[in-house]
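Lettering follows sequence order; numbering is per chain, from 1.
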Amino acid sequence: MTVRTRFAPSPTGYLHVGGARTALFSYLFARKHGGQFILRIEDTDLERSTPESVNAILEGMTWLGLEYDEGPFYQTQHFERYQAVIDELLDKGLAYRCTCSKERIDKLRERQMAAKVKPRYDGHCRGHKIDPEEPHVVRFANPVDGLVVVDDRIRGRVAFNNGELDDLIIRRSDGSPTYNLTVVVDDADMGITDVIRGDDHLGNTPRQINILNAWGKKPPRYAHVPMILGDDGSRLSKRHGAVSVIAYRDQGYLPEALLNYLVRLGWSHGDQEIFSLDEMIAFFDIESVNKAASAFNRDKLDWLNQHYMQHSDPLRIAHLLSPHLGALDIDPAHGPELTAVVTAQAARAKTLRELADISTFIYRDFDDYDESSAKKHLRPVAREPLARLRTALEMLALDDWKPDTLHHVVDRVAAELEVNMGKVAQPLRVAIVGRAASPGIDVTLQLVGKEATLRRIDRALAWIDDRQSQN
RNA sequence: GCUCCCUUCGUCUAGUGGUUAGGACGCUGGCCUCUCACGCCGGUAACAGGGGUUCGAAUCCCCUAGGGAGCGCCA
């Protein structure tokens, strides 16, 4: 039987990192076994489902590159099928109509909590003859005794006592089917062989297995993956920063970095940290996913993101960087080759956004000098080196405005003045960049260009003079 | 309250009866060096606690503690 997995989010919000990891695991499992990965939107909650959320989920999946072979399917389009199955269950006496009021159920729950027992429906309407015309819900007649065993690929064997389970509602009084019924029907109809989902569903699994068994279908294999926690160990939420996959994109993270980060959360392959998608597919093993929840750690994501910015094709990074420059009102067309910027700066930033941020000096004059940098390097002693640099650089032909010649010029000025390279390069750097950090001085000058370089040296000279005259 | 699940450095993890408990992020010392990064070398730091089983337990069993999820006419 060929493996078929699915990712089945409910469209009540964006695609968050926990869902993304579940999707990734399902995707990898399917790919590894040469099977299919299916996307199914669980939109049966008409109240909370929105088309915006559907779009956000699809957008997130696309950005991550988690390609599905079938779908997206929408449960709202399967309503007739669900009704048919419920009717079938009703006909066979595997489900029954129930007219218990919410008030009665609430009271029952209250009493049970007070008696320190697990709140559950008491089967009051079981065996009652109820007129289908009367307002009612349909409940699944759960087995009263015996054991349901979930043979989970991650959790191992988890047994539930049927006595703990109650007769869950499978059709609401408005006629709509409920979650536990719809998943079961869709998974069976779609031939899903392996259900990989969040472990908040572990408790639903025995109920679903019971429905499947009653209905005469073979349950799929299950794998319940633990949840992702915030960096403080509590449930991941907005207050931990971004949880939406799209927010990571907007902040300048690379999809491969997020994927790589996520795959290592709860799973490992020896000591390997860096995984291409192909390697993930080759090595991923659902059985070795950890049982414990894990905390999301931004620092490690940053490290991976920088790694990929540094080691990916500069042309691709350049394309992805472009919009971030645009957000800073910079048109990269007016400047050096973007790939040159990427090559020079990638090792200096954690995100594309930061990469854009530290590269603005290449495109336009900075506003103010970084205070401590200017104080340290634009002192009166820097006047002479800067003046000499200006003269020497001005004489350079545009064709010679290249790293090696530029390096020679700076080197020569330092030699003439019999000072260290740093005494010359640092004032120059602050003059050009506005602060004391940038790529090598030769590369920095090349990226900025001759015209801006001379202009900024003049500005620095004026600044030094101005400052001196004030004292 | 009840049911189920979980517990190795701060964090992600390796480890499946015998290891100086390994790697990675972070932090940190150094090297490289025109700066900042990158890179390289080194350091810091963990088996939740208690009982067993065993010649020997991070590894097996039990208990305790702590954490989590579920107990919807949500998914």
Suppose you measure atom [atom1] in [N] against the same atom in [M]; what distance do you get, rounded to whole Å?
N: B:C38; M: B:G29; atom1: P; value: 14 Å
N: B:U59; M: B:C4; atom1: P; value: 23 Å
N: B:C73; M: B:G68; atom1: P; value: 25 Å
N: B:G15; M: B:G22; atom1: P; value: 14 Å
N: B:C55; M: B:A69; atom1: P; value: 43 Å
N: B:G52; M: B:A57; atom1: C1'; value: 12 Å
N: B:U19; M: B:C5; atom1: P; value: 31 Å

Considering only [options], which nucleotide approaches the side chain of [X] most closely?
X: A:Lys118; options: B:A75, B:C34, B:G70; answer: B:G70
X: A:Met227; options: B:G68, B:C73, B:C38; answer: B:G68
X: A:Asn297; options: B:A75, B:C73, B:U11; answer: B:U11
X: A:Ser294; options: B:U13, B:A24, B:C34; answer: B:U13
X: A:Met421; options: B:G1, B:A75, B:C34; answer: B:C34
X: A:Asp200; options: B:G1, B:A69, B:C5; answer: B:A69
X: A:Pro119; options: B:C71, B:A75, B:C36; answer: B:C71
X: A:Lys300; options: B:A24, B:A75, B:G1; answer: B:A24
X: A:Lys291; options: B:C5, B:A75, B:C6; answer: B:C6

Parallel, tilted or perpendicular: rings of A:Tyr253 and A:Tyr248 (30°, 60°):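 Judged by the thresholds at 30° and 60°, the geometry between A:Tyr248 and A:Tyr253 is perpendicular.
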
Mutual orientation of the aromatic rings belonging to A:His224 and A:Tyr222 [parallel < 30°, tilted 30-60°, perpendicular > 60°]: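 A:His224 and A:Tyr222: parallel rings.
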
Neighbours of RNA chain B within residues 347-358 of chain A, by heavy-atom distance under 4.0 Å: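 RNA chain B contact set from residues 347-358 of chain A: A:Ala347, A:Arg348.
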
Minimum side-chain heavy-atom gap A:Tyr121-A:Ile169 below 4.5 Å: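 Of all side-chain heavy-atom pairs linking A:Ile169 with A:Tyr121, none is under 4.5 Å.
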
Sub-4.5 Å side-chain heavy-atom contact between A:Leu378 and A:Leu386: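 The answer is yes; the side chains approach within 4.5 Å.
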
Cation-pi geometry met for A:Arg459 and A:Phe366 (6.0 Å, 45°):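 Yes; both conditions hold, so A:Arg459 lies above the ring face of A:Phe366.
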
Residue-phosphate contact under 4.0 Å: A:Asn290 side-chain N/O, B:A14 OP1/OP2: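 Yes, A:Asn290 has a side-chain N/O under 4.0 Å of OP1/OP2 on B:A14.
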
Pairs meeting criterion salt bridge (charged side-chain N to carboxylate O under 4.0 Å, His left out) with involvement of residues 14-23 of chain A, two or more places apart: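 Residue pairs passing salt bridge (charged side-chain N to carboxylate O under 4.0 Å, His left out), neighbours aside: none found.
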
Nucleotide B:C5, atom P - distance to CZ of A:Arg157 in whole Å: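 Taking CZ of A:Arg157 and P of B:C5, I get 10 Å after rounding.
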
Rounded distance in Å - CD (A:Glu134) to P (B:C73):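 Checked: the CD to P distance equals 19 Å.
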
Sugar-phosphate only, base, or nothing, as touched by A:Ala295 at under 4.0 Å among non-hydrogen atoms: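 Result for A:Ala295 = sugar-phosphate.
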
Sugar-phosphate only, base, or nothing, as touched by A:Ser173 at under 4.0 Å among non-hydrogen atoms: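 Since a base atom lies under 4.0 Å of A:Ser173, the category is base.
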
Counterpart residues, ring pair (Phe, Tyr, Trp, His ring centres under 6.0 Å), relative to A:His407 (two or more places apart):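 Scan of A:His407 (ring pair (Phe, Tyr, Trp, His ring centres under 6.0 Å), adjacent residues dropped) gives none.
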
